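What you are looking at is a predicted structure, and each value in this text was computed from that prediction instead of being measured. Residue numbers begin at 1 in each chain, while the letters A, B, ... track the order of the sequences.
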Number of protein chains: 2
Amino acid sequence: MRRLLLISTSTMHGRGYLEHVRDALGQLLQGKKSLLFVPWALADHDAYADKAAAAFASFGIRLASIHRSDDALAATADAEAVFVGGGNTFRLLDRLQRTGVAAAIAARAVAGMPYIGASAGTNVATLSIRTTNDMPIVQPASFTALGLVPFQINPHYLDPDPSSTHMGETREERLRQFHEEHTTPVLGLREGSWLDVRGASMQLCGSTAARLFLRGASPREFAPGSDLSVLLQENR
Amino acid sequence: MRRLLLISTSTMHGRGYLEHVRDALGQLLQGKKSLLFVPWALADHDAYADKAAAAFASFGIRLASIHRSDDALAATADAEAVFVGGGNTFRLLDRLQRTGVAAAIAARAVAGMPYIGASAGTNVATLSIRTTNDMPIVQPASFTALGLVPFQINPHYLDPDPSSTHMGETREERLRQFHEEHTTPVLGLREGSWLDVRGASMQLCGSTAARLFLRGASPREFAPGSDLSVLLQENR
């Protein structure tokens with residue numbers, strides 16, 4: 001049974017790293033002793049792994065970073081659970097693809113290994129990275145991602161600022177452009193919320209509503225606590 | 001001699017389409033009768049071409065949109081000047097690459113045909129689209145762009161908002177991540193400014209300063225009117 005936590009942002013303004021998702025992480029990792037961390041979305045893997053290790057040590061979980069492993073595929077095969085951290089989605093997916101770790105994590109997560117993603121780590125859990133907010137600083141061989149859920153997520157979803165005079169596209173305009181090219185649903189996940197996936201069921205958790213974009217329909221708001229399992233059905 | 005106008009945004013808040021660059025366009029197109037328009041960054045080519053045609057009609061310039069041409073390469077070969085409009089940079093570059101128009105425009109622009117780019121049309125004029133702000137809704141075969149200038153541009157450059165509580169990366173953080181992977185200089189072109197390239201000389205024009213990002217150095221501001229020709233030297 002799939003067990004996924006797909007988090008919009010690892011850190012809320014004014015709060016500690018992963019602090020707002022502490023209870024959900026504790027519940028997901030209950031009984032686990034270790035966690036495999038993927039720091040590839042940021043450039044400084046050591047600093048990132050140390051920061052993440054400190055956060056999980058408070059749960060009594062030993063974090064092993066994949067960049068310190070001699071054999072990334074073996075580390076994935078042995079992992080009790082995986083956490084893919086945020087940063088640049090293009091850089092992250094490129095490394096996941098080059099190493100074969102993308103397919104290895106996907107196979108294990110589909111078979112029930114708990115998967116935690118934050119920001120870029122949430123983007124790569126979906127069908128593709130086509131709804132990331134990140135700059136394309138690295139070109140991955142393909143935009144196709146792990147496909148742990150059959151829809152797209154836009155993390156850090158941001159409402160338009162009515163006082164803005166900036167002429168760049170709003171987030172909603174960008175997602176409308178996505179639907180000019182594709183039919184896949186996109187869930188805009190605001191900071192403060194996350195998705196808790198358990199097999200065929202999915203719940204919106206946290207403190208903020210999410211905004212669902214379907215091609216050819218008006219966007220729809222879902223309050224925290226909403227059951228979004230319908231999005232897990234592949235042939236909607 | 002290269003003659004390029006690389007514009008940050010086609011439209012300033014509260015003003016008409018291309019209104020703020022009217023004088024520069026008039027000067028560049030002096031003596032020309034027609035202009036080839038590339039509308040591929042937006043989905044609705046007809047509406048986009050009609051809007052652009054109206055703007056250039058006021059100069060006495062007849063605009064022909066490439067999407068209405070039977071032979072895009074012949075249209076490019078015959079063009080007196082080219083205008084590549086804004087929208088989604090990934091969609092635009094994909095179409096430019098698939099049709100061969102990218103290479104055809106590049107060859108003509110290097111030989112002196114005036115090139116006007118706005119927003120996405122400015123991104124594709126540079127070495128690559130790796131510093132676009134757009135969402136990767138379409139995957140082009142390569143991020144490599146026309147290479148009319150040997151550096152990167154970030155159009156719609158936006159200063160951080162000190163009052164923001166949003167945790168997504170600032171534009172400056174995104175460009176710093178670019179420099180974790182690459183050494184190419186990046187010019188952040190704020191809305192209201194554009195680059196006027198004449199052969200080996202390049203001037204910053206318009207009403208806003210530009211911010212230059214070099215790997216391993218602090219960002220540097222350049223006031224409107226600055227001579228930025230040094231950025232055209234390939235082996236800096």
Exercise for review: Among R174(B), H179(B), R171(B), H182(B), single out the residue with the greatest number of heavy-atom pairs under 4.5 Å to chain A.
Suggested key: R174(B)
**Study point:** Which of T89(B), T9(B), D44(B), T11(B) touches chain A most, by non-hydrogen pairs under 4.5 Å
**Key:** T11(B)
**Study point:** A120(B), part contacting chain A, at a heavy-atom distance under 4.5 Å
**Key:** neither
Exercise for review: Please flag which part of S119(B) lies under 4.5 Å from any non-hydrogen atom of chain A: side chain, backbone, both or neither.
Suggested key: neither
Chain B: which of [options] shares the most heavy-atom pairs with it under 4.5 Å?
options	answer
E180(A), Q152(A), M167(A)	M167(A)
D161(A), N88(A), N154(A)	N88(A)
M12(A), M135(A), E169(A), H156(A)	M135(A)

Check your understanding: Does a sphere of radius 6.0 Å around CZ in R15(B) hold more than 12 heavy atoms from other residues, nucleotides or ligands, not counting ones at 6.0 Å or beyond?
Key -> yes
Check your understanding: With a cut-off of 6.0 Å (strictly less than), are more than 12 heavy atoms of other residues, nucleotides or ligands near CZ of R98(A)?
Key -> no
Exercise for review: Measure R91(A) against the heavy atoms of chain B and call it side chain, backbone, both or neither at under 4.5 Å.
Suggested key: side chain
Check your understanding: Do side-chain atoms of E191(A) reach the backbone of G168(B) as a donor and acceptor pair under 3.5 angstrom?
Key -> yes
Check your understanding: To the nearest 0.5 Å, what is the distance between CD1 (I137(A)) and CD (Q177(B))?
Key -> 5.0 Å
Check your understanding: Taking atom CD of E181(B) and atom CD of Q139(A), what is their separation to the nearest 0.5 Å?
Key -> 13.0 Å
Check your understanding: Can you name the closest pair of heavy atoms from I129(B) and P136(A) and give their distance?
Key -> O-CG, 3.4 Å
